[in-house]
Protein chains: 2
Amino acid sequence: MKVKEVADLVGISVRTLHHYDEIGLLIPENTTDSGYRVYSEQNLETLQQILFFKELGFPLKKIKEIIYSPSFNRLDALESQYKMLLERRNRLDKMIKTIEKTIKHSRGEIEMTNKEKFEGFNFSRNPYEKEARERWGNAAVNESNARLAKLSESEKKELAEEFSAIYKKLAELRHLPADTEEAQAAIGEWYVLLNRMGSYSLEAFKNVGQMYVNDERFTKNIDRFGQGLARFMCDAMAVYADNNK
Amino acid sequence: MKVKEVADLVGISVRTLHHYDEIGLLIPENTTDSGYRVYSEQNLETLQQILFFKELGFPLKKIKEIIYSPSFNRLDALESQYKMLLERRNRLDKMIKTIEKTIKHSRGEIEMTNKEKFEGFNFSRNPYEKEARERWGNAAVNESNARLAKLSESEKKELAEEFSAIYKKLAELRHLPADTEEAQAAIGEWYVLLNRMGSYSLEAFKNVGQMYVNDERFTKNIDRFGQGLARFMCDAMAVYADNNK
DNA sequence: ATACAGTATTACGTAACGTGAGAGTCAATA
DNA sequence: TATTGACTCTCACGTTACGTAATACTGTAT
C-alpha cells in the first residue's frame, strides 16, 4: 500500500506518514525503484498502535521509545491502551455531565460552584504520563533482568562486584551536591554499567533514578551502602540526564 | 481570582492563561496595581466555553471568532457543544470497540480487515469543522439580517437597489474567470457592501460564498440575475478572501 | 529584614505537522 | 508516441500553542 491508500484508510494525512518515516517512527517496509513508500501489513499494525498512543496524548518521541524498546509486547500494550482509553472515556463522560449541568445552570434551573463548572477538565499534555511511566518506564530494567538471568554464576559474581564497587564509590561521594564533577563522573560510570545490561535512554536513566526513591525495595537495597544513597543517586542521575541531552 | 488559583481550579497552566490574554482570547476583567491579572466570574464562564471548544479540537483563532462574534449566544453554543461532545464520545466508543477486537485478533480469536482495524480513527485537525461552519458560519449573516430588520422602509428600498446594482454588475461579469481584475473589483464592492451590514471576516466572507451554492434558496435567489451567478460569486469570493489574507 | 511563594514580562525553543513549490512517476487515453 | 491527470517525492518555510528559563517585582509570614 502506498501513501494515499494508507492515509485514506486510516484517517491521517500523507504528510503525517512522511513525517513518521523521517523520524523513524514508522518506516515503510519497502520502497519502489522510483522511491515510493510501500507499507506492509506489519506497518499497518504498528501504525494502529501508534495512533492509539496518539489518541491518548503521548508525544511521538515517547511512542517511538515504547514501541521500539526490546521488551515491547504488543498484546500487553494493547491491553494497557485499552484501559487508558476506557479512562479517557470516563473523563469525557464527566465533561459531558458538566456541560449538561452548565446548560441547566444557564437556564437558571440549578446552581453550580466554580469547581463543578470544571469537573472532568484535564488539559495536561499527556494525562497518562504516570501510568505510562509505571507501565513502560521499567522496560530497560526488565531487559537488564532478562540479561542477568542468562549470565553464568561466575559472570554474575563478577558483575555483582562491579556493581558493589560503584555503589561504594557513590556512597563516598553522596555528601557532595549531585551536580559536582566527581559525582557526575561516578554516575556516568553507573550509566555505562547499566547500559551494558540494557538499553537505557537518558530519559529512562532518569526514570530509573526516580524509581530508586519511589520504590522502597530499591531504596532499602541501595541505602545499605550508605544512608541516603538512593536519594543522592536519583538526584545525580537526573542531573546527568539533563546535562547530556 | 489570580492566575494560580484559576490554573489549579481549571486544570490548565499559568502560561496558558498568559497566552490567552496575549492573544485576546481571555482578557482578565481587572488587574491589580502591581499588574497582577484578576479573573472574574464572567471570565471563568468564558474560559469554560473556550475549553469545551478546545476539547473539541477548535483552533484558538476560530474559538475567538466564534465567542466574540456579535451574534454569539451562550446557551445556543452550549447546546451545540453538547451535541458535539456526544459525537466525540461516540467516536471514542468506536475506537474502544476497535481495540477490543484488536486484542481478540492479537490472540488469534477472530479475523479483522484492515478497514476494521481503523474503525473510529479520525485525526483530522478539527473534526467538527463542518458542523461549526454550518452552525457559526452564519454569524455575520444573522447580524446582517438583524440590522436589516431595523431599517426603515425607505432605507430598505435604497439598500435593495444597491444590492440589485451589484448583482447586475456581477451577472455581466460572470462569464469571466473568477480571478480576473474586473471580477475581483466587483466582488470587492460586494465585500464592502456586506460589511456595512455585518462583520464579515475574510473567512466568513468565503464561507458565505460557499453557502450561495450549498443552500438552494440562495442559489435560486441569486441566479435570478443570471444563470450560474451564485457559482461565479462563490468562486470569486473565495479568490478574494485568499488574495487578501 | 528575610524567606518563600506568587506574579509579571520577555523571548527562545519545541512538537507536529500544514502548505507550497518544483520535479518525477504511472496509467489511461487520444 | 504524446498528453493528461492523479499520485509521489524532497525540500523547506510557516503555523499553532504553548513549555521553559531568566530576571525582576510583589505579598505575606516569621
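Numbered from 1 within each chain, the chains take letters A, B, ... in sequence-line order.
- Between C:dC17, C:dA8, C:dT7, one nucleotide has an atom nearer to the side chain of A:H19 than all others, and that is C:dC17.
- Remark on DNA chain D: of its neighbouring residues B:S34 and A:G35, the 5'-side contact belongs to A:G35, judged by nearest-heavy-atom nucleotide.
- Each of B:V38 and B:F123 has a nearest nucleotide on DNA chain C; the 5'-most of these lies closest to B:V38.
- For A:K4, the listed nucleotide lying nearest its side chain is D:dC7; candidates were D:dC9, D:dC7, C:dG18.
- Put simply, NZ on B:K2 is 18 Å from P on D:dC25, counting in whole angstrom units.
- Mapping B:T32 and B:V14 onto DNA chain D via the closest heavy atom, the residue that lands nearer the 5' end is B:V14.
- In terms of position along DNA chain C, the nucleotide closest to B:R15 lies nearer the 5' end than the nucleotide closest to the other residue of the pair B:R15 and A:L60.
- A:Y240 and A:Y191 have tilted rings, their planes meeting at an angle from 30° to 60° on a 0 to 90° scale.
- Here A:K62 lies out of heavy-atom contact (under 4.0 Å) with every strand.
- Remark: the A:Y36 side chain and the C:dG24 base include a donor-acceptor N/O pair separated by less than 3.5 Å.
- Aromatic ring centroids of A:F52 and B:F121 lie under 6.0 Å apart.
- Closest to the side chain of B:R37, out of C:dT9, D:dT8, C:dG18, is C:dT9.
- Residue-environment remark: CD (A:E182) stays at or below the threshold of 12 foreign heavy atoms within 6.0 Å.
- Whole-Å rounding puts the B:D33 CG to D:dG27 C1' distance at 13 Å.
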